[in-house]
Every structure is written in structure tokens, then in C-alpha cells.
Amino acid sequence: MRCLRFSEQKDFSPCAASIFVRFWKGFLRACRLCPPRRTFAAGMALGAVCALAQPAMAESFRVRKTHLVSVGAAGGSETVRTGINDALVLMLPEDRTFIQGVELSFKVPQIVASWRDSVAWSVYNDISGTPKENRIDYNGTRATVGTFGNSLSLNLQIPLGEENAIKKSAYATLLDIVPDTSKGFVFLRLQLAMKGTSEEITDAKFEITVKPILINKGKLAITVAPPSGTELKPYTAFVDGKSWSHGAESELIETGVHNISLVSDFYRNEVRTITIEQAQTTVVAVTFRDITPTLRIAAPEGTVLFLDGKQQPVSPEPFFITQGEHSIRCIVGDYEIVKTITAMNGRSYTVALTMDAAVLEDE
């Protein structure tokens, strides 16, 4: 048979080859051990999988129903119930920055699992037109095919790009092909892969949960503004000690804690510590502060303040002073305190005047 000369068909996918070999071994075993009915079914299965594993070429087919499922750009999941010969269309978001793949978790009906490899799933490329819920006729090219074996569940991982970090796992099937996503969707189809099965299989329903496989990164954007009424002057931004030149434009960054510092000769240095969440955009907004030093006086009510020999109103709010040495004189009743400070740009100073009373006790 032409379908048995598998090694000569260069267009067969590895997945199809694996299925073919498994069916062939099952067929030979069935011929030796199974009663006539199951032997016949095994033969029908072999013929069906040979047909499924033909070299990639466009084919026309009809489905019972089309299910459209939206894949979230930043997470979330959606569950649908599909039947045999249904189409499942994964509608991808326009912004796929955080998505590296899609995972489908199948709950397989007991009756399907009891008839090993009786139902196949296929991924198609080059689907003509736009899939719709009320559309049943399609034309496309089968990219890969597989079956559910005799398992009651299947986790199918579909990469959306060659550059991905999806790791192979014993608990999931990772496709070795990247489907065409240029039209904004991935097209899958369920269909019988075996003839002579129970009629209950035709009415069986699969429960499929669809969720995106996200990269372990988020986005960071840093926005800055000058002090009120002034124009923005040069500054340099650092993230984890490395220069950050992206500014307000968000850029991918690893999840976790990061340190941000903004340095300028015209403003006070600004430091922030942030946490980047997976598939989330974090915006850090910074308003620069004037580099001129400030002074704040914390003193009891009734204090008379002199700054550099000139009386100054006492207020809890800081006020600007010039760089250099300053004399601060505080008078509270009959008490007088004088302090001297050397002010530097980018620094804030507080003079706290406190009064205390000592209690002495003698025998």
C-alpha cells in the first residue's frame, strides 16, 4: 500500500509518523488477539490514519459546528464543549507581546478513551476566508495531527513563534510545529479516526479549556515631569544599575523587584523600588524636585527665628535657602539657641528645637 511506504513520504510530519506506527502495531496486535469485530475496527483505524497522514495539501471539509474562543492578551481562560467533527478556532489578540503559545486542556469522554485512538485532532493552516460560528464549509492544509490514545485528558501546547521558552513536560504535548497565525487565529478540528466504533462516540462531548501561555516578563515605562512652571532639563535613568533610554515607551523586563534611579545635575536624585508583574505594564511617574536646598524649622509655638541675622516666620513647611553656610538663631522666652549649617544642593535640612524637663527625686 502507498500509505505504508512511510519513509518515502518526506512531507509527513513526525507527529503523523508516530501515529501511523502506533496504529500499525495496534493493527498487527489486533489481528492476532482481537475478535473479528475489533480486528475489523483496527483495520478501519489503520486506513483512517493513513488518510490523515497524507502529505500536506489543501483539502475541503465540512464541520458540524464552529466554536470561536478568544485568547486573552494577559491571561485568563475560556472553556467550551465541542463534539466530534467540530472546529475550534482560537482567536488571537492583536497585541501578542506577552503570549508565546496557547494551551488546550481536553477532558476526554470515557467512551472515546475506551476506543483507543478513535478520535483525532488536527491543526490547519491556510484556512480560506474568516471562520464564523455559522460557517461549516472550509478549505485548508493540515499542519499536524494527533489522537487522544486511551487517556481521559490531554494538555496540548501550541507555540505561536519559533522564539519561545515553552518547556517540554511529561504532562503536556508540545507541538513541534508553529501554525500560521498571520490571519489572527489558529484552526483546530476534531474528527473520527476509526470506523466501526460505537455510535455513542458520535454524540460524545469534549470539554476544552483554552488559556494563553505567557512569557515571564512584564513591561516598564518611566514618565517624568519637571517642577511646576519649568521646562524639563537633562537627566539619566537607570534600572538595576543599567542605563534606561526607553523613557515613556514601555519595554519588556523580567518579572520581580527592580530598582529605578533618576540622576540629574538640575534636579534632586529620585529613587524608586518597583515590582514587575507577569504580563502587566507598570508605569512609574516621577515629578522632579528643585535641586535648591530646603530648610524646615520644627519649634514650639512662640519661637522667634532669625536666619543669617534676619527674622524669619516660623512655619512647618520647608523653604528654599541658598548653598553655603547659614546661621540659625532661635529664641524661646529667655532661652536662645544658635546653630550653623552648611547647605548643599539636592539636600533638605530640618532644625528641630525641643525642650525637656528633668525630674529629680531625693530621699
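Quick note: residue numbers are just sequence positions, from 1. Note that the structure is a prediction, hence the values are computed from the model and not measured.
Not one N or O on the side chain of R268 forms a donor-acceptor pair closer than 3.5 Å with the backbone of F288. Formation of a donor-acceptor pair under 3.5 Å by the T66 side chain with backbone atoms of R135 is found in this model. D86 places no side-chain N or O within donor-acceptor distance of the main-chain N or O of R81, the cut-off being under 3.5 Å. With hydrogens and angles disregarded, a donor-acceptor distance shorter than 3.5 Å links the side chain of K183 to the backbone of I127. Using modelled atom types, no side-chain atom of E78 and backbone atom of T209 make a donor-acceptor pair closer than 3.5 Å. Checked by atom type and distance alone, the side chain of N259 never pairs as donor or acceptor with a backbone atom of T273 at under 3.5 Å.
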Kindly list each side-chain donor-acceptor pair under 3.5 angstrom involving residues 150-161, sequence neighbours excluded, with atom names and distances?
{"unit_1": "N150", "atom_1": "OD1", "unit_2": "R116", "atom_2": "NH1", "d": "3.3"}
{"unit_1": "S151", "atom_1": "OG", "unit_2": "S153", "atom_2": "N", "d": "3.1"}
{"unit_1": "S151", "atom_1": "OG", "unit_2": "S153", "atom_2": "O", "d": "2.7"}
{"unit_1": "N155", "atom_1": "OD1", "unit_2": "S105", "atom_2": "OG", "d": "2.9"}
{"unit_1": "N155", "atom_1": "ND2", "unit_2": "Y171", "atom_2": "O", "d": "3.2"}
{"unit_1": "Q157", "atom_1": "NE2", "unit_2": "E103", "atom_2": "OE1", "d": "2.9"}

Only distances under 3.5 Å count here; give the side-chain donor-acceptor pairs of residues 216-237 to other protein atoms, sequence neighbours excluded, each with its distance to 0.1 Å.
{"unit_1": "N216", "atom_1": "OD1", "unit_2": "T255", "atom_2": "OG1", "d": "3.3"}
{"unit_1": "T230", "atom_1": "OG1", "unit_2": "P227", "atom_2": "O", "d": "2.6"}

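With values rounded to the nearest 0.5 angstrom, T322 atom OG1 is found 11.0 Å from L295 atom CG. Taken to the nearest 0.5 Å, the CG atom of L262 stands 6.5 Å off from the CD atom of E270. One finds the OG1 atom of T82 at 8.5 Å from the CZ atom of R64 (value rounded to the nearest 0.5 Å). Interatomic distance, CG of D176 versus OG1 of T144, reported as 6.0 Å (0.5 Å rounding). In this structure, CG in L353 is found 12.0 Å from OH in Y335, a value given to the nearest 0.5 Å. Distance check, rounded to the nearest 0.5 Å: CG of D180 to CZ of F187 gives 13.5 Å.
Residues N345 and P293 meet the side-chain proximity criterion, which asks for heavy atoms closer than 4.5 Å. Here the side chains of I291 and Y267 are not in contact, with every heavy-atom distance at 4.5 Å or above. For the pair V102/P212, no side-chain contact is recorded, criterion being any heavy-atom separation below 4.5 Å from C-beta on. Contact check for W244 versus E251: side-chain heavy atoms found under the 4.5 Å cut-off. Two residues are said to be in side-chain contact when any heavy atoms from C-beta on lie closer than 4.5 Å; D308 and I321 fail this criterion. Considering only heavy atoms from C-beta on, E325 comes within 4.5 Å of T340 through its side chain. The shortest side-chain heavy-atom distance between N164 and I213 does not fall under the 4.5 Å cut-off. You'll find the side chain of S261 stays beyond 4.5 Å of the side chain of N269, heavy atoms only.
Counting heavy-atom neighbours within 6.0 Å of R96 CZ, excluding the residue itself, gives a total above 12. Counting non-hydrogen atoms of other residues, nucleotides and ligands closer than 6.0 Å to CE of M344 gives a total of 12 or fewer. In E200, the CD atom is not crowded: 12 or fewer heavy atoms of neighbouring residues, nucleotides or ligands sit closer than 6.0 Å. For K205, the NZ atom sits in a packed shell: over 12 heavy atoms of surrounding residues, nucleotides or ligands are nearer than 6.0 Å.
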Quick one: do R296 and S348 satisfy side-chain contact (heavy atoms from CB on, under 4.5 Å)? Show the steps, please. CA-CA 8 Å; R296 187 176 73 88; S348 297; over 6 Å; no

Decide yes or no on side-chain contact (heavy atoms from CB on, under 4.5 Å) for L88 and W121, but give the supporting numbers first. CA-CA 10 Å; L88 178 65; W121 53 263; over 6 Å; no

Let's go through N85 and R189 carefully: what are the C-alpha distance in whole Å and the side-chain angles of both, what is the deciding distance for side-chain contact (heavy atoms from CB on, under 4.5 Å) to 0.1 Å, and is it a yes or a no? CA-CA 7 Å; N85 202 36; R189 176 189 176 197; 3.6 Å; yes

Could you walk me through whether L90 and V210 satisfy the side-chain contact (heavy atoms from CB on, under 4.5 Å) test, starting with their C-alpha distance in whole Å, then the side-chain angles of each, then the deciding distance to 0.1 Å, before giving a yes or no? CA-CA 8 Å; L90 311 178; V210 179; 3.9 Å; yes

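One hydrophobic cluster holds both I111 and M194 under the rule that ILVMFWY side chains link at heavy-atom gaps under 4.5 Å. Placement of V186 and L68 in two distinct hydrophobic clusters is found when ILVMFWY residues are connected by side-chain heavy-atom separations under 4.5 Å, directly or transitively. Tracing side-chain contacts under 4.5 Å through hydrophobic residues (I, L, V, M, F, W, Y), one reaches L104 starting from L92; they form part of the same cluster. Under the 4.5 Å side-chain heavy-atom criterion for ILVMFWY residues, no single connected hydrophobic cluster contains both V304 and L307. Grouping the Ile, Leu, Val, Met, Phe, Trp and Tyr side chains by contacts below 4.5 angstrom, directly or via other members, places V71 apart from V89.
Between L214 and A73 the shortest heavy-atom distance is CD2-O, 4.1 Å. Across all their heavy atoms, M91 and F185 have their closest contact at SD-CB, 3.9 Å. Across every non-hydrogen atom of L192 and I84, the tightest pair is N-CG2, 3.7 Å. Heavy-atom minimum distance, S60 versus N139: OG-ND2, 2.8 Å. The two atoms that bring P93 and I99 nearest to each other are CG-CD1, 3.6 Å, heavy atoms only. Across A165 and Q100, no two heavy atoms sit closer than the pair N-OE1, 2.7 Å.
Here V263 is tied into one hydrophobic group with F238, each link being a pair of ILVMFWY side chains closer than 4.5 Å.
The aromatic rings of F61 and Y124 sit tilted relative to each other, their planes meeting at an angle between 30° and 60°. Taking the six-membered ring where tryptophan is involved, the planes of F206 and F148 are tilted, since the angle between them lies from 30° to 60°.
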